[in-house]
Number of protein chains: 2
Amino acid sequence: MLVSTGPDSVLVRRMRDAGVRVTPQRIAIYSALIGTDAHPTAKSLYEHLSPGVPSLSLATVYNTLRTLVVHGLVHELGDAGDGCAHYDADLTPHVHLICTCCHQVRDFFGVSIGGVAAAVAEESGYRLQGARLAYIGICPQCSEPTARRPVV
Amino acid sequence: MLVSTGPDSVLVRRMRDAGVRVTPQRIAIYSALIGTDAHPTAKSLYEHLSPGVPSLSLATVYNTLRTLVVHGLVHELGDAGDGCAHYDADLTPHVHLICTCCHQVRDFFGVSIGGVAAAVAEESGYRLQGARLAYIGICPQCSEPTARRPVV
DNA sequence: TTAGCTGCAAATAGTTTGCAGTTTT
DNA sequence: AAAACTGCAAACTATTTGCAGCTAA
């Protein structure tokens, strides 16, 4: 993890600014999300953090993720074909690529869609809170004939 | 419903071309999807069709939807905040607007994103099968102070 | 004929929630 | 001190699946 988690870190300030009460569990979860581009699920976050934050419960991971999403600190990316929701703390407008074979979610910055949100907001009349922009297909690795199916 | 469902209808031909076996239940489900822009869920489809297709089962709706998605006839739009997946038979590249208040999914053709898919396909190396492009926010109706919260 | 579909009911699994105790503000 | 959070376990519910009978091809 590349993010400071001290009491005055950017991370904590962001949570306070968003009106989210700060607890050790929430810091752990939020900083884990910020420090990865793997778009984890609740369960994978729990399994990753559990050793370092003993007695962390899966329910708290779910509750915290919902809180972070509701307060706009994290985006919920939806199901990637594995039946569970993935999350992203990178709020920069960008596209995701979902592989229907290995169920990985990858960032894709090759197209700029920053202007689209503005156009949608203006023309639709919606008060926008977020976006979920994913293209679904088979990734190059899984396309190779020799590819072994990655562990789900 | 505005679509003919005779044995030689476009709809049936499309299913056959996609390699999907044709049954009365599947015709009912697929034509209902084609004839609406409401982006139904499995349950709402079931409730809508059940009176006209007695003994239709919810399991068949789920199975059929998966079959149609896998064969590329229908797009799965993911959860709209109501905890269940919504579906769309309109494969034209377009954006969806999801209201976090009333959980409605609406089409939005105000921005053209047809070129994005091509760029993604070329630059990412993915074999694209579909897309899920949604902006999330609060719709104008739900934004009105006098708005009553629509039935979920 | 036969592979594949259907309905039913049971199983699965992601996510939420009630509660009692603890922590943040 | 009040309001909100946590862990645990139980509850909830969308979705899947096993099976026996039916049907499209």
Side-chain angles (χ1 to χ4, degrees), chain A residues 5 7-8 11-13 15-30 39-47 49-50 52-71 73-74 76-87 103 152, chain B residues 5-9 11-13 15-30 39-47 49-50 52-71 73-74 76-87 103 152:
Chain A
T5 56
D8 293 315
L11 188 151
V12 169
R13 210 171 313 139
M15 287 202 267
R16 290 228 166 83
D17 289 349
V20 172
R21 194 174 279 212
V22 178
T23 70
Q25 293 89 337
R26 288 176 174 193
I27 292 176
I29 292 166
Y30 187 32
H39 313 91
T41 65
K43 192 160 82 171
S44 73
L45 274 169
Y46 173 68
E47 288 167 353
L49 295 172
S50 213
V53 187
S55 94
L56 175 67
S57 78
L58 183 55
T60 294
V61 177
Y62 275 108
N63 288 332
T64 295
L65 286 170
R66 190 177 16 163
T67 299
L68 295 175
V69 168
V70 166
H71 289 79
L73 294 174
V74 162
E76 199 255 45
L77 309 182
D79 175 21
D82 52 359
C84 46
H86 292 245
Y87 296 86
H103 303 147
V152 181
Chain B
T5 55
D8 291 315
S9 69
L11 188 152
V12 169
R13 211 171 313 139
M15 288 201 269
R16 289 228 167 82
D17 289 349
V20 173
R21 191 175 279 213
V22 178
T23 70
Q25 294 88 338
R26 290 177 174 193
I27 293 177
I29 293 166
Y30 187 34
H39 313 92
T41 65
K43 193 162 79 169
S44 73
L45 274 170
Y46 173 68
E47 289 167 352
L49 295 173
S50 213
V53 188
S55 93
L56 175 66
S57 78
L58 183 53
T60 293
V61 176
Y62 275 108
N63 288 332
T64 295
L65 286 171
R66 191 177 14 164
T67 298
L68 295 175
V69 168
V70 166
H71 289 78
L73 294 174
V74 163
E76 199 256 44
L77 310 182
D79 174 20
D82 52 359
C84 47
H86 292 244
Y87 296 85
H103 303 147
V152 180

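What you see is a predicted model; the values in this text were computed from it and never measured. By convention in this document, chain letters (A, B, ...) are assigned in the order of the sequence lines, proteins followed by strands, and residues within each chain are numbered from 1.
What separates CZ of A:Arg26 from P of C:dT23 is a distance of 15 Å, to the nearest Å. For A:Tyr87 and C:dG14, the OH to P distance is 12 Å, given to the nearest whole Å. When the P atom of D:dT13 is taken as reference, atom NZ of B:Lys43 falls 8 Å away, rounded to whole Å. The distance between atom CG of A:Asp82 and atom C1' of C:dT15, rounded to the nearest whole Å, is 14 Å. Across the protein-nucleic acid pair, B:Asp79 atom CG and D:dT13 atom P stand 15 Å apart, rounded to whole Å. Rounded to whole angstrom, the span from the CE atom of B:Met15 across to the P atom of C:dC5 amounts to 12 Å. With rounding to whole Å, B:Ile29 atom CD1 is found 11 Å from C:dC5 atom C1'. Taking atom CG of residue A:Leu49 and atom C1' of nucleotide D:dG7, one finds them 16 Å apart after rounding to whole Å.
In terms of phosphate contacts, A:Tyr62 brings no side-chain nitrogen or oxygen within less than 4.0 Å of OP1 or OP2 of C:dT16. Residue A:Arg66 places no side-chain N or O under 4.0 Å from the OP1 or OP2 atom of C:dG14.
The side-chain hydrogen bond (donor to acceptor under 3.5 Å, both in side chains) check on B:Arg21 picks up nothing, with sequence neighbours excluded. The side-chain hydrogen bond (donor to acceptor under 3.5 Å, both in side chains) search around A:Thr41 returns A:Ser44, not counting sequence neighbours. Residues meeting the side-chain hydrogen bond (donor to acceptor under 3.5 Å, both in side chains) test with A:Ser57, sequence neighbours left out: A:Thr60. Looking at residues two or more places apart in sequence or on another chain, you find a side-chain contact (heavy atoms from CB on, under 4.5 Å) between A:Tyr62 and A:Ala42, A:Leu58. In this structure B:Val69 satisfies the side-chain contact (heavy atoms from CB on, under 4.5 Å) test together with B:Val74, B:Glu76, B:Tyr87, sequence neighbours excluded. Listed by chain and residue number, A:Arg66 satisfy the side-chain contact (heavy atoms from CB on, under 4.5 Å) test with A:Val70 (two or more places apart in sequence, or in another chain). Listed by chain and residue number, nothing satisfies the side-chain hydrogen bond (donor to acceptor under 3.5 Å, both in side chains) test with B:Thr67 (two or more places apart in sequence, or in another chain).
Considering only heavy atoms from C-beta on, B:Leu49 stays 4.5 Å or farther from B:Val61 through its side chain.
Distance CZ/B:Arg26 to CG/B:Asn63: 8.0 Å, rounded to 0.5 Å.
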Distances under 3.5 Å between nitrogen or oxygen atoms of protein and nucleotides 22-25 of chain D:
residue	atom	partner	partner atom	Å
D:dA24	O3'	B:Val22	O	3.3
D:dA24	N3	B:Arg21	NH1	3.3
D:dA25	OP1	B:Val22	N	3.3
D:dA25	OP2	B:Arg16	NH2	3.1

Atom pairs, protein N/O to nucleotides 7-11 of chain C N/O, distance under 3.5 Å:
residue	atom	partner	partner atom	Å
C:dG7	OP1	B:Ser55	O	2.6
C:dG7	OP1	B:Leu56	N	3.4
C:dG7	OP1	B:Ser57	N	3.4
C:dG7	OP2	B:Ser57	N	3.2
C:dG7	OP2	B:Ser57	OG	3.0
C:dG7	OP2	B:Thr60	OG1	2.1
C:dG7	O5'	B:Ser55	O	3.0

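Closest approach of B:Ala80 to B:His86, counting heavy atoms only: CB-NE2, 3.6 Å.
The overall bend of the helix from C:dT1-D:dA25 to C:dT25-D:dA1, read as the angle between its terminal helix axes built from five base pairs each, is 60° when rounded to 10 degrees.
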#### Entry: Stepwise side-chain contact (heavy atoms from CB on, under 4.5 Å) check, A:Ile27 with A:Val12
CA-CA 7 Å; A:Ile27 292 176; A:Val12 169; 3.9 Å; yes
